[in-house]
Amino acid sequence: MMQIEQQQQQPQQQQNQLMVQNSGSLSFSSHLSKEDEEISKSALSTFRAKEEEIERKKMEVREKVQLQLGRVEEETKRLAVIREVCFKTQELEALADPMRKEVAQVRKKIDAVNKELKPLGNTCQKKEREYKEALDAFNEKNKEKVQLITKLMELVSESEKSRMKKLEELSKNIDSIH
């Protein structure tokens, strides 16, 4: 704001210097012709008109600046009210749910555990499939083994019968020879 006033004061000081110079040239007007006097008066009136226009514009700028400052002050007050409302809202939320932080922490932990559970569940399913496949393969081989043992027992039994039969025949043959 001080800079604006300083900037506005500088052109005014320059204009005052011009007026002093022009007034000095007016004092010499007795030596000037009427035409020169008319030109000087015209220049002086033009200068004064410009000076008045500059003053009027300065006042307009000052008014605009004051309006803007007023708006800024109003907005600052509104912002303070909004901040107060926000603060009170936060207090109300804290009152409404005093365990909110703890609940949020437990929810975060649940989410973390869920993330850990998913790959573990996939691993369990994979291992269960592998176990089932291995168990099926084991049972299949066990069945095959039982079948082979049964066949072996049959073969051994047949072999024994056959050998016994041959032995009996040999024994009869030996008895008949005697």
Side-chain angles (χ1 to χ4, degrees), residues 1-140:
M1 178 126 172
M2 293 181 75
Q3 289 179 336
I4 294 172
E5 289 178 9
Q6 288 175 349
Q7 289 173 349
Q8 291 171 348
Q9 288 175 355
Q10 288 175 349
Q12 188 169 352
Q13 289 172 351
Q14 291 172 350
Q15 291 169 357
N16 289 343
Q17 289 175 352
L18 284 173
M19 283 180 57
V20 169
Q21 289 173 351
N22 286 340
S23 65
S25 58
L26 288 176
S27 65
F28 294 114
S29 64
S30 58
H31 301 294
L32 300 174
S33 66
K34 282 193 175 194
E35 193 177 297
D36 288 340
E37 229 175 276
E38 288 290 322
I39 292 172
S40 292
K41 284 181 183 177
S42 173
L44 185 59
S45 67
T46 302
F47 175 76
R48 284 185 182 154
K50 292 277 185 191
E51 183 70 27
E52 287 173 7
E53 182 181 345
I54 288 170
E55 277 299 315
R56 187 174 38 81
K57 288 197 181 218
K58 275 178 28 181
M59 292 305 287
E60 287 175 8
V61 168
R62 278 189 187 144
E63 288 174 8
K64 287 180 182 178
V65 167
Q66 289 301 321
L67 281 172
Q68 289 293 341
L69 287 175
R71 287 184 193 143
V72 167
E73 287 177 13
E74 288 175 23
E75 292 300 319
T76 302
K77 289 176 185 176
R78 282 185 60 212
L79 184 59
V81 169
I82 289 170
R83 283 185 177 150
E84 183 65 27
V85 168
C86 286
F87 180 73
K88 287 183 180 179
T89 303
Q90 289 173 345
E91 285 179 349
L92 285 174
E93 286 175 2
L95 287 176
D97 191 3
M99 301 297 285
R100 188 178 80 231
K101 286 183 182 178
E102 290 83 0
V103 168
Q105 287 176 344
V106 170
R107 283 185 179 160
K108 284 181 183 177
K109 288 179 182 178
I110 289 171
D111 289 342
V113 169
N114 276 338
K115 286 179 183 176
E116 292 173 11
L117 274 176
K118 188 175 180 179
L120 290 173
N122 290 339
T123 302
C124 280
Q125 288 175 350
K126 182 181 175 186
K127 298 288 183 181
E128 282 177 356
R129 276 193 307 271
E130 290 174 0
Y131 171 75
K132 190 174 181 181
E133 289 171 1
L135 185 61
D136 287 346
F138 174 79
N139 287 336
E140 189 66 33

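Remember, it's a predicted structure, so these values are computed and weren't measured experimentally.
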key: With sequence neighbours excluded, residues passing side-chain contact (heavy atoms from CB on, under 4.5 Å) with Ile110   = Val106, Asn114

key: From OG (Ser40) to CD (Glu35), nearest 0.5 Å   = 11.0 Å

task = Please list, chain by chain and in numerical order, all residues satisfying salt bridge (charged side-chain N to carboxylate O under 4.0 Å, His left out) with Glu140, sequence neighbours excluded.
result = none

remark   = Hits for side-chain contact (heavy atoms from CB on, under 4.5 Å) against Arg83, two or more places apart or cross-chain, chain-then-number order -> Leu79

key: Spacing of CD belonging to Glu38 relative to OG belonging to Ser45, to within rounding of 0.5 Å   = 10.0 Å

Could you tabulate the donor-acceptor pairs under 3.5 Å formed by side-chain atoms of residues 115-125, not counting sequence neighbours?
| from | atom 1 | to | atom 2 | distance (Å) |
| --- | --- | --- | --- | --- |
| Thr123 | OG1 | Pro119 | O | 2.8 |

request  = Please list, chain by chain and in numerical order, all residues satisfying side-chain hydrogen bond (donor to acceptor under 3.5 Å, both in side chains) with Arg107, sequence neighbours excluded.
outcome  = none

query = Atom OG1 in Thr76, atom CG in Leu69: separation rounded to 0.5 Å?
reply = 10.0 Å

query = About how many Å separate NZ of Lys41 and NZ of Lys34, when rounded to the nearest 0.5 Å?
reply = 9.0 Å

query = Sequence neighbours excluded, which residues qualify as salt bridge (charged side-chain N to carboxylate O under 4.0 Å, His left out) partners of Glu60?
reply = Arg56

remark   = Hits for salt bridge (charged side-chain N to carboxylate O under 4.0 Å, His left out) against Glu75, two or more places apart or cross-chain, chain-then-number order -> Arg78

message = Quick one, Glu55 with Lys58, criterion salt bridge (Lys or Arg N to Asp or Glu O under 4.0 Å). Give me CA distance, side-chain angles, the key distance, then yes/no.
response = CA-CA 5 Å; Glu55 277 299 315; Lys58 275 178 28 181; 3.0 Å; yes

Can you list, pair by pair, the side-chain donor-acceptor contacts under 3.5 Å of residues 128-135, counting residues two or more places apart and other chains?
none

Separation between CE of Met59 and CD of Gln66, rounded to the nearest 0.5 Å = 10.0 Å

task = Output all residues satisfying side-chain hydrogen bond (donor to acceptor under 3.5 Å, both in side chains) with Glu74, sequence neighbours left out; order by chain, then residue number.
result = none

